[in-house]
Enquirer: 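Got a structure for you, written out below as structure tokens; questions coming shortly.
Since we're looking at a predicted model, the values are computed, not measured. Proteins come first, then strands; the chains are lettered A, B, ... in the order of their sequence lines, and each starts at number 1.
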Protein chains: 2
Amino acid sequence: MENSQKALVLLRQIIRSTDMQDKEISRGTGVTPPQLMVMQTLRENTQLTSGELAKEMVLTQATITSILDRLEKKELVARERGKDDKRKVWVSLTDKGTELMKGAPTTQQDIFVRNFEDMQNWEQSMVVASLERIAFMLNAQHLDAAPLLDIGELDRTQQ
Amino acid sequence: MENSQKALVLLRQIIRSTDMQDKEISRGTGVTPPQLMVMQTLRENTQLTSGELAKEMVLTQATITSILDRLEKKELVARERGKDDKRKVWVSLTDKGTELMKGAPTTQQDIFVRNFEDMQNWEQSMVVASLERIAFMLNAQHLDAAPLLDIGELDRTQQ
DNA sequence: AATTATTAATTAGATATGCTAATTATATTT
DNA sequence: AAATATAATTAGCATATCTAATTAATAATT
């Protein structure tokens, strides 16, 4: 088989694998994958407005609103109207939400990290370099397909 | 940053990237991502029963049924009751469905393949080896989390 | 200053996903 | 023949996601 074909098959396998992990976490925590992704984004950014969240996750504001509604009902996130600019709504994890994020999600990552660290140093570097290559190619691909769109996106991924 | 952290970030980036590509294809073809995935699976396997499809995609039969309903209404797939065993329903792409699969989806892959083939041979091998490593680690991870489950799954990915 | 335009978020309404449980039809077993 | 198993569908529910319309607040313009 061609190397490129192998790469594609492996990529699909990897994506499938993480997808199933997500579902597993989801079942374990009682939080759906999209909800979990919102929470992960919040964990990394402390405070975001609905709009920023939507942009970051490439979803409509309306979609984010409905996901937040459900997360708020479970008391995993809190909304607070902006004091400076009252149109804005700042979203953040509650204590309960932070607590939940300390559980299952990291466990999975820990396993990955443990396995990863079992590799020789040269192999680790090789893997990282390869992933960088792939990420770059996929990005180029995306740019090919949508030439003018979202410069912001490009900036962000290159930081 | 740790190598393992870098790897995680890159993986997330890659998944995000392919995710957005899927959405793009979806917009271009008027077929939703899950529907597209069903069609891809069918393209690779010519003929499958609903049940086999469900197993392959790790979804419930009920879910597959509803996706097939919509694909059938668009005349992209056809259902045929099994003659030998009348409980089974064989699903396949229609001409129209096959035609559609020749368009956008492959275009995206083509870009990837072209980029990939621009790499030196040693680099191609490196990337494939790395992806294999990752795929294996993610699989191990999955097994750690769900020890006894789905031997069939394991068989399939190791073929 | 008053009007107009823009921005931020929500609501309303539609379609699609995905689940579990129940149902229908056919095959297999005892 | 009766009981059990299998394949697919249906029904009913919660969620996700979109577009279009609405509400509220801020910014810009005349």
Enquirer: Does the side chain of A/Q35 come under 3.5 Å of the side chain of A/K74 through a donor N or O and an acceptor N or O?
Expert: yes

Enquirer: Can you see if the side chain of B/Q61 gets near the phosphate of D/dA8 - specifically, an N or O under 4.0 Å from OP1 or OP2?
Expert: yes

Enquirer: Can you measure A/M37 atom CE to D/dT15 atom C1' for me and round it to whole angstrom units?
Expert: 14 Å

Enquirer: Would you please test B/L76 and B/L93 for side chain to side chain contact (heavy atoms under 4.5 Å, CB included) and show each step?
Expert: CA-CA 6 Å; B/L76 296 172; B/L93 292 180; 5.8 Å; no

Enquirer: Using a heavy-atom cut-off of 4.0 Å across all strands, would you classify A/T63 as base, sugar-phosphate, or nothing?
Expert: base

Enquirer: Side chain to side chain contact (heavy atoms under 4.5 Å, CB included) between A/V127 and A/F116: does it pass, once the steps are laid out?
Expert: CA-CA 10 Å; A/V127 169; A/F116 191 92; 4.0 Å; yes

Enquirer: In terms of the nearest nucleotide of DNA chain D, which residue is placed more toward the 5' end: B/G51 or A/K74?
Expert: B/G51

Enquirer: Does B/D69 pair with B/R79 as a salt bridge, N-O distance under 4.0 Å?
Expert: yes

Enquirer: Quick check: are there more than 12 heavy atoms from other residues, nucleotides or ligands sitting under 6.0 Å from NZ of A/K86?
Expert: no

Enquirer: Quick one, which residues of residues 64-73 of chain A touch DNA chain D with a heavy atom under 4.0 Å?
Expert: A/S66, A/I67, A/R70

Enquirer: Using a heavy-atom distance cut-off of less than 4.0 Å, which residues of residues 80-92 of chain B contact DNA chain C?
Expert: B/D84, B/D85, B/K86, B/R87

Enquirer: B/Q35 CD to C/dT15 P: how many Å, rounded?
Expert: 14 Å

Enquirer: May I ask you to list the residues sharing a hydrophobic cluster with A/I15, side-chain cutoff 4.5 Å, ordered by chain and number?
Expert: B/I15

Enquirer: For A/R79, answer base if it contacts any base atom (sugar-phosphate contacts may also be present), sugar-phosphate if it contacts only those atoms, and nothing otherwise; contact means non-hydrogen atoms under 4.0 Å.
Expert: sugar-phosphate

Enquirer: Round to the nearest Å and state the distance from B/L53 atom CG to D/dT9 atom P.
Expert: 11 Å

Enquirer: Would you call A/R114 and A/D118 a salt bridge, using N to O less than 4.0 angstrom?
Expert: no

Enquirer: Are A/W90 and A/E52 close enough, and set up right, to give a side chain to side chain contact (heavy atoms under 4.5 Å, CB included), and what steps lead you there?
Expert: CA-CA 10 Å; A/W90 295 95; A/E52 286 165 346; 4.1 Å; yes

Enquirer: How many Å lie between CG on A/L59 and C1' on D/dC18, as a whole number?
Expert: 10 Å

Enquirer: For A/L48 and C/dA8, give me the distance from atom CG to atom C1', rounded to whole Å.
Expert: 15 Å

Enquirer: Whole angstrom is fine here: how far is it from CE in A/M57 over to P in D/dT17?
Expert: 8 Å

Enquirer: Can you tell whether the side chains of A/R12 and B/E44 come within less than 4.0 Å, N to carboxylate O?
Expert: yes

